[in-house]
Amino acid sequence: MGHLDHATFGWLTPVLSYAMASIGAALGLCCTVRALDATGRSRRNWLMTAASALGTGIWTMHFVAMLGFGVTGTEIHYNVLVTFVSLLVAMAVVGAGVFAVGYGRDRGRALALGGLTTGLGVASMHYLGMAALRLHGDVRYDPVLVGLSVVIAVVAATAALWAGLNIKSPLAVAAASLVMGGAVTSMHYTGMLAVSVRVTPSESALPGATTMQFIFPVAVGLGSYLFLTSAFVALSPTKGEREASVSAQRPVDGVAS
């Protein structure tokens with residue numbers, strides 16, 4: 001069995017992955033809150049932004065963490081197509097959960113459906129990302145820990161969507177984002193504890209790309225997207241700010257003719 005190292009760079013990759021998960025969660029929650037205060041096309045656009053932020057944050061968290069993953073006795077490469085599919089799956093399934101909450105008439109049912117869908121999306125992204133691994137050997141999973149990781153993902157997603165429905169203050173959203181970031185990161189490392197690798201020594205070249213050839217630049221690009229989206233959300237006026245601006249522009253009785 002190959003020895004697995006989940007933090008070859010020490011605490012750097014776990015801390016960065018937690019930060020990416022928290023930023024994605026914060027953006028997703030902020031956009032969901034904005035969506036619930038909006039109608040029509042504006043609501044749809046905010047929900048799409050929420051889905052892309054959550055999906056991107058989760059994906060980036062996973063692969064930043066994977067930068068620190070190593071197995072003694074073999075190099076690790078990634079199948080490019082499967083890796084990109086995992087990103088699309090994350091956005092699509094998380095988007096389905098967010099839209100279920102955004103347009104659901106029965107809040108309780110919408111929350112249950114959205115949390116389940118989003119949580120399964122998080123888990124699907126993780127294990128699709130793991131399916132992209134290419135190494136000299138066989139990857140196996142402990143089914144109990146796999147099941148636990150899926151449960152953590154569903155609970156974390158449900159809690160995050162509940163926060164989006166019920167929490168309005170910026171400080172509360174920030175606290176909820178930190179909790180969700182921790183939950184998503186815990187799901188990742190629980191899933192990684194389920195992994196064992198039986199190494200088969202070989203001199204043949206592995207297919208796919210190395211982490212520095214592919215994963216690192218893509219993670220940097222998506223991380224930049226999260227920061228730019230954060231700036232956009234921060235600069236976009238809230239419903240209350242728009243109403244206050246409109247009220248301030250109205251002529252005062254007895255002043256305007």
Side-chain angles (χ1 to χ4, degrees), residues 18-61 87-88 90-119 121-122 125 153-184 222-250:
Y18 171 68
M20 291 297 100
S22 298
I23 291 170
L27 279 174
L29 290 178
C30 286
C31 292
T32 302
V33 170
R34 298 288 186 93
L36 295 174
D37 285 336
T39 58
R41 183 180 298 178
S42 180
R43 171 172 289 198
R44 182 201 65 191
N45 291 343
W46 278 117
L47 289 173
M48 289 177 65
T49 306
S52 67
L54 280 170
T56 299
I58 293 165
W59 190 95
T60 306
M61 176 279 302
L87 173 60
L88 296 178
M91 289 186 176
V93 183
V94 169
V98 169
F99 270 79
V101 168
Y103 286 103
R105 294 183 179 181
D106 184 330
R107 286 292 177 88
R109 183 180 300 175
L111 180 61
L113 177 61
L116 177 62
T117 304
T118 304
V122 173
M125 186 287 308
V154 172
V155 171
T158 304
L161 293 176
W162 177 89
L165 286 171
N166 295 281
I167 293 176
K168 302 299 181 183
S169 80
L171 286 178
V173 168
S177 303
L178 294 176
V179 172
M180 186 186 177
V184 171
L222 292 177
S224 301
Y225 164 76
L226 287 175
F227 282 108
L228 290 173
T229 306
S230 299
F232 167 76
V233 173
L235 294 173
S236 298
T238 63
K239 180 182 178 181
E241 290 170 342
R242 290 195 303 272
E243 291 175 348
S245 177
V246 170
S247 178
Q249 292 173 8
R250 289 173 181 168

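Predicted, not measured: the structure shown is a model, and the values here were computed from it. Worth knowing before you read on, the calculation uses all heavy atoms, side chains too, and leaves out hydrogens, waters and symmetry mates.
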Look at the side chain of R43 and the backbone N and O of L36, then say whether any donor-acceptor pair between them is shorter than 3.5 Å.
-> yes
With side chains defined as the heavy atoms from C-beta onward, is the minimum distance between V101 and T118 less than 4.5 Å?
-> no
Can you list the residues that meet the side-chain contact (heavy atoms from CB on, under 4.5 Å) rule with C30, with sequence neighbours excluded?
-> V173, V233
Straight-line distance of M91 CE to T56 OG1, nearest 0.5 Å | 3.0 Å
What is the minimum heavy-atom distance between V94 and A51, and which atoms define it?
-> CG1-O, 4.2 Å
Between A157 and G115, which heavy-atom pair has the shortest distance, and what is it?
-> CB-O, 3.6 Å
Compare every heavy atom of A53 with every heavy atom of G28, then report the nearest pair and how far apart it is.
-> N-CB, 4.1 Å
Distance in Å, M48 CE paired with C31 SG, rounded so as to fall on 0.5 Å steps = 12.0 Å
Minimum heavy-atom distance between G55 and L87, given as atom pair plus value = O-CD1, 4.4 Å
Check step by step if side-chain contact (heavy atoms from CB on, under 4.5 Å) holds for L27 and L54.
-> CA-CA 7 Å; L27 279 174; L54 280 170; over 6 Å; no
How long is the gap from CD1 on I23 to CG on L226, to the nearest 0.5 Å?
-> 6.5 Å
Nearest-0.5 Å distance that lies between atom CZ in R34 and atom CG in L47 | 13.0 Å
Any chance you could lay out the side-chain contact (heavy atoms from CB on, under 4.5 Å) test for L116 and T158, step after step, and finish with the verdict?
-> CA-CA 7 Å; L116 177 62; T158 304; over 6 Å; no
Sort and list the pairs that fulfil ring pair (Phe, Tyr, Trp, His ring centres under 6.0 Å) and have at least one residue in residues 156-178, not counting sequence neighbours.
-> none
Using side-chain contact (heavy atoms from CB on, under 4.5 Å) as the criterion, list what pairs up with A176, not counting sequence neighbours.
-> L29, A163, I167
For the residue pair S22 and G181, what are the closest heavy atoms and their distance?
-> OG-CA, 3.6 Å
For Y225, enumerate each residue passing the ring-ring contact (aromatic ring centres under 6.0 Å, His included) test, keeping only those at least two apart in sequence or located in another chain.
-> none
Residues passing the ring-ring contact (aromatic ring centres under 6.0 Å, His included) test with F99, sequence neighbours excluded, are Y103
Side chain to side chain contact (heavy atoms under 4.5 Å, CB included), paired with V122, selected from I58, V93, V154 = I58
Would you call L178 and Y18 a side-chain contact if the rule is heavy atoms closer than 4.5 Å?
-> yes
With sequence neighbours left out, write down each residue that passes side-chain contact (heavy atoms from CB on, under 4.5 Å) with A25, or none if nothing qualifies.
-> S177, M180
Would you confirm whether S42, through its side chain, and T39, through its main-chain N or O, come within 3.5 Å as a donor-acceptor pair?
-> no
